Student: 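Got a structure for you, written out below as structure tokens; questions coming shortly.
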Amino acid sequence: MSDLPFQPVVTLAGMILRREISPVDLVRAVIDRIDRYDGILRSYITVCRESALAAAQEAEREIFAGRTRGPLHGIPVSHKDISWTKGIRTTANSRVLLDFVPQYDATHVRKLSEAGMILLGKTNTHEFACGDLKVFGTTRNPWDLSKVTGGSSAGSANAVAAGLAVTATGSDTGGSIRVPASFCGVVGLKPTYKRVSRYGVIPLSFSMDQVGPMTRTVADCALLFSVMAGYDPLDPTTSKFPVRHFDTKQSADITGVILGIPQEHFYEELDPEVDAAIHTALRHLENLGARLEPVALPRARDLSGVYHLLIMVEAFGNHAARLRAHGPNYGPRARRRISTGAFYTTAEHQQAAQIRGLWIRELNQVMQRVDALVVPTLPFPAINLELEESNLPDYSWGTRHFNLSGHPALSIPCGFTSGGLPIGMQLVSKAFGENTLFRIAHTYEQSTDWHKRRPLLEEVEMYAR
Amino acid sequence: MLVDLEWLRREAANQGLSLTDEDLEVIRQKLHEVKTALATLRLEETTEIELGLPYRFAGADATDGGLGDDDPLAG
């Protein structure tokens, strides 16, 4: 099969400009892989075969006529199925929305389309970004089919990892980009709150939701982010703070960068292989010129209940009318989790908001002294599928903190277990400091080869037989 | 348990929610866990944190004058 779907966007864009390949070749190559592997991996809810090929032909005509729109022109992108796509059903993996066809595109979908990207399909997600994967089948981890992908941007992560997508987008309310990125060995960015428009994205929690890219390399992530980010009059929470492009050529140096290492929570009770991988990565960052500085974040341990209360109160606010009308059509996990938000008191909500404020203050004080924090994305590698069914683990263990605070956070691969499962490292910077994350992550990535590994899909083929 | 199943049943009905007893039992356990955790986190003194603060958290832009545009590596 073609190797094209695994190539970085920057490489593919150069090949297209030099007419070594056309966007049609690229889209066909990805669709071939979808046809071969999606029956097992369940990356997609909807594949836009015909419209993607038609868009690729149009892109080919434009580019070959010299009317290129930039490096994303002719490159396929797949969007999580909670992002509205004009004329293409958007289900949120729920029986409640099985026949819902939006009349317009979400802002990030529109922006990437205007940059010339080709909508390849809608990726699988946990129901309403917080429930089950029942309606369209369970996503599987391409590194080991018996393991979870994590979620809720599950299909975006496993599609990028397995070459069933070149690039993808996801949403992240407590880790839903970074957790599956870590489990599947790809790059995933939760941007700063306010940085990317949520217009046209089915909401879970208005104060924590963010939309971001999921890619195979940091440079690709930065490229998509630079298009997705920015003020949107249709989303009044977005910032007018200018978006600055990240230049990989001028940024591969982290000499003198100060990296904060939290002394509480984030390095406690780690799986031994995660512990070894993250400490090896820290030594590597030191060797690249970064300085490690221990920092105190004692409130980091206290945020599980605070996070759960705030997210579910907001989620219930969003879903209340629909739950009343269609509650039995929700899957049990989404129905129960969201309904929990109906039963907290106002006093408890205000207490949670106060603790959130104190956490933000504590974190901001630390961020004044460092350029970024480095922590494991998760304390354990991907778990068995059956375990997730019986007892949902604490997936947001290392990620919810930065949804509560709004800071940008990036997960990149930093190793593999002896069983071949990816391990993720999370970098967190000051508000609107995405380029800091890209600089550190790109420098690390270019001096390691984790991002070059690919899952062996013979197991998928055997499974299919 | 901090939350009584019968109270949950009545409150769900009052809010117009169609939840089964199995749903309510799962919800009750989660409410107990979160409410218990919050009870251990009560603040010991009055804080000057105003209630609006959590929602102005990442305001590094010129429009709301928050933190953050001092990133030496950005750009």
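We name chains A, B, ... by the order of the sequence lines, and we start the count at 1 in each one. Keep in mind it's a predicted model, so treat the numbers as computed, not measured.
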Student: Can you confirm whether more than 12 heavy atoms, excluding those of Arg291(A), are under 6.0 Å from its CZ atom?
Tutor: no
Student: Any idea which of Val26(B), Leu24(B), Ile27(B) has the most non-hydrogen atom pairs under 4.5 angstrom with chain A?
Tutor: Ile27(B)
Student: Hey, which of Glu22(B), Glu33(B), Arg28(B) has the most heavy atom pairs under 4.5 Å with chain A?
Tutor: Glu22(B)
Student: Please look at Phe316(A) and chain B and tell me whether the side chain, the backbone, both or neither of the residue comes under 4.5 angstrom of a heavy atom of that chain.
Tutor: side chain
Student: Using non-hydrogen atoms and a 4.5 Å limit, figure out which bit of Tyr344(A) sits close to chain B: side chain, backbone, both or neither.
Tutor: both
Student: Output the option from Ser18(B), Ala39(B), Ala12(B), Ala37(B) having the highest count of non-hydrogen pairs under 4.5 Å with chain A.
Tutor: Ala12(B)
Student: Quick check on Glu348(A) against chain B: is it the side chain, the backbone, both or neither that has a heavy atom closer than 4.5 Å?
Tutor: both
Student: Quick one: what part of Leu38(B) sits under 4.5 Å from any heavy atom of chain A, side chain, backbone, both or neither?
Tutor: both
Student: Counting only heavy atoms closer than 4.5 Å, note whether Arg42(B) contacts chain A via side chain, backbone, both or neither.
Tutor: both
Student: Return the OG1 to NZ distance between Thr345(A) and Lys35(B), rounded to the nearest 0.5 Å.
Tutor: 5.0 Å
Student: Step by step, would you call Gln351(A) with Leu43(B) a side chain to side chain contact (heavy atoms under 4.5 Å, CB included)?
Tutor: CA-CA 8 Å; Gln351(A) 184 199 355; Leu43(B) 304 180; 5.7 Å; no
Student: I'd like to verify something: which residue of Thr36(B), Thr40(B), Val34(B) has the highest number of heavy-atom pairs under 4.5 Å with chain A?
Tutor: Val34(B)
Student: Report yes if some heavy atom in the side chain of Asp23(B) is under 4.5 Å from a heavy atom in the side chain of Ser339(A); otherwise report no.
Tutor: no
Student: Can you check whether Gln15(B)'s main-chain N or O pairs, donor with acceptor, with Arg324(A)'s side chain at less than 3.5 Å?
Tutor: yes
Student: Let me confirm one number: the CG-NE2 distance from Leu31(B) to His308(A), rounded to the nearest 0.5 Å.
Tutor: 8.0 Å
